[in-house]
Amino acid sequence: MADDISSQTIDNDHRDLNRRGLLFVLSSPSGAGKSTLASMLLEADDEIAMSVSVTTRKKRPGEEHGKDYYFVSDDEFEEMVADHSFLEYATVFGNRYATPTGPVNQSLEAGQDVLFDIDWQGTQQLYQRAGQDVVRVFILPPSLGELRQRLESRNTDAADVIDGRMERAASEISHWDGYDYVLINDDLDACFTKVKQILATERMRRSRQTGLIGFVRDLMAE
Ligand code: ADP
Ligand code: 5GP
């Protein structure tokens, strides 16, 4: 699969800014809280923009085309694969999902970091493409009982869909060790604080602060 999308690159070198853009990934078993945390982060931080994925799954009540996902047919998805439009793509719960490359580069060009709600397969591909720019965060529920309760209280899925998500939770959780950070989302506000701390710290990495060389040179010349 990686070969199919090998022509897609992240263009992160043109920013006339003091730091490289970050690709910030949140993954978790369904129901652990990543969408909630992603919304909170987008609300709190102007310097990060959401990557809106393409999917072949059916729209859920309340979802908007272009905001939650770009909803496409199987044929349209295949065409986009053939056109090398995707940075990564994967099949999750029998539906296809992908990250379109163009908007990611546009956000980086506009000086924004990019936030991804993608699964472990997509995270691996993104890391192969742009490892040095990727920060991977995995969200765990405090318990499987609590996970089921959250899926039920979210009120978006029928009982059989929730059973399916619970069955898949264990296999998703098994990929926790492919991430840089792992957080247990017990208390939402505490977990959100940690997400913000990770982002703030990663933005300060020396390798990302491309403006430092000039700054230090000027400092020494004073
Ligand atoms: P995901 O995007 O991982 O599938 P959601 O963000 O949709 O999960 O969260 C699932 C449900 O759990 C939502 O109803 C959300 O409000 C709730 N939730 C998220 N985090 C917590 C938390 N720490 N404590 C209690 N409920 C939470
Ligand atoms: P949902 O259909 O519940 O919105 O998402 C199902 C799963 O697909 C979640 O684990 C979500 O992270 C993952 N997903 C959403 N968009 C993408 C994407 O563009 N690429 C990949 N690889 N996974 C995605």
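In listed order, ligands and their atoms are each counted from 1.
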* Quick one: look up the protein heavy atom nearest atom 20 (N) of ligand 1 and list residue, atom name and how far away it is. => Asn185 ND2, 3.0 Å

* Asked: Which of the atoms of ligand 2 are close to Ala98, meaning less than 4.0 Å from one of its heavy atoms?
  -> 18 (C), 19 (O)

* Structure fact -> From the list Asp177, Asp180, Asp119, salt bridge (Lys or Arg N to Asp or Glu O under 4.0 Å) partner of Arg136 resolves to Asp180

* For atom 2 (O) of ligand 1, which protein heavy atom lies nearest, and how many Å away is it? -> Ser35 OG, 2.4 Å

* Asked: To the nearest 0.1 Å, how far is atom 8 (O) of ligand 1 from its closest protein heavy atom, and which atom is that?
  -> Gly33 N, 3.1 Å

* Asked: What atoms of ligand 2 come closer than 4.0 angstrom to any heavy atom of Thr99?
  -> 19 (O)

* Close-contact set for ligand 2 against Arg165 heavy atoms, below 4.0 Å -> 3 (O)

* Go through the steps to decide whether Val137 and Val25 satisfy the test side chain to side chain contact (heavy atoms under 4.5 Å, CB included), and finish with yes or no. => CA-CA 6 Å; Val137 182; Val25 177; over 6 Å; no

* Per-atom contacts of ligand 1 with Asp186, taking only distances under 4.0 Å to non-hydrogen atoms -> 22 (C), 23 (N), 24 (N)

* Structure fact -> The atoms of ligand 2 lying under 4.0 Å from a heavy atom of Gly122, numbered in the order shown, are 22 (N)

* Which of parallel (below 30°), tilted (30 to 60°) and perpendicular (above 60°) describes His65 and Phe71? -> tilted

* For atom 18 (N) of ligand 1, find the nearest protein heavy atom and state the residue, atom name and distance (0.1 Å precision). => Arg150 CD, 3.8 Å

* To do: Measure from the ring center of Phe77 to the ring center of Tyr97 and say whether it is less than 6.0 Å.
  => no

* To do: Using a 4.0 Å heavy-atom threshold (strictly under), name the region of Ser28 that reaches ligand 1: side chain, backbone, both or neither.
  => side chain

* Applying side chain to side chain donor-acceptor pair (under 3.5 Å), run through Thr56 and Arg96 and close with a yes or a no. => CA-CA 5 Å; Thr56 61; Arg96 306 189 77 187; over 6 Å; no

* Structure fact -> Which of Arg20, Arg19, Lys196, Arg208 passes salt bridge (Lys or Arg N to Asp or Glu O under 4.0 Å) with Glu202? Answer is Arg208

* To do: Going by heavy-atom distance to atom 20 (N) of ligand 2, choose the closest among Glu88, Lys34, Lys58.
  => Glu88

* **ligand 1 N/O within reach of Glu146 N/O, cut-off under 3.5 Å** => no

* **Distance-minimising heavy-atom pair for Glu146 and Ser143** => N-OG, 3.0 Å

* **The one among Phe93, Phe116, Tyr69 that brings a heavy atom closest to atom 15 (C) of ligand 2** => Tyr69

* Proximity of Arg168 to ligand 2 by residue part, where a heavy atom lies under 4.0 Å -> neither

* **Shortest protein heavy-atom distance from atom 6 (O) of ligand 1, along with the residue and atom involved** => Thr36 OG1, 2.5 Å

* Of all the atoms in ligand 1, which lie at a distance below 4.0 Å from a heavy atom belonging to Ser30? -> 4 (O)

* Structure fact -> Note: heavy atom closest to atom 19 (O) of ligand 2, options Ser27, Ser28, Ala90, Ser53, belongs to Ser53

* Asked: Counting each atom of ligand 2 from 1 as listed, which ones have a heavy atom of Asp117 under 4.0 Å away?
  -> 11 (C), 12 (O), 14 (N), 15 (C), 16 (N), 17 (C), 24 (C)

* Is there a side chain to side chain donor-acceptor pair (under 3.5 Å) between Thr156 and Arg154 once you walk through the steps? -> CA-CA 6 Å; Thr156 54; Arg154 189 168 66 180; 3.2 Å; yes

* Donor + acceptor pair across side chains of Tyr179, Ser27 (<3.5 Å) -> yes

* Asked: Can a salt bridge be assigned to the pair Arg148 and Asp163 using a cut-off of 4.0 Å between side-chain N and carboxylate O?
  -> yes

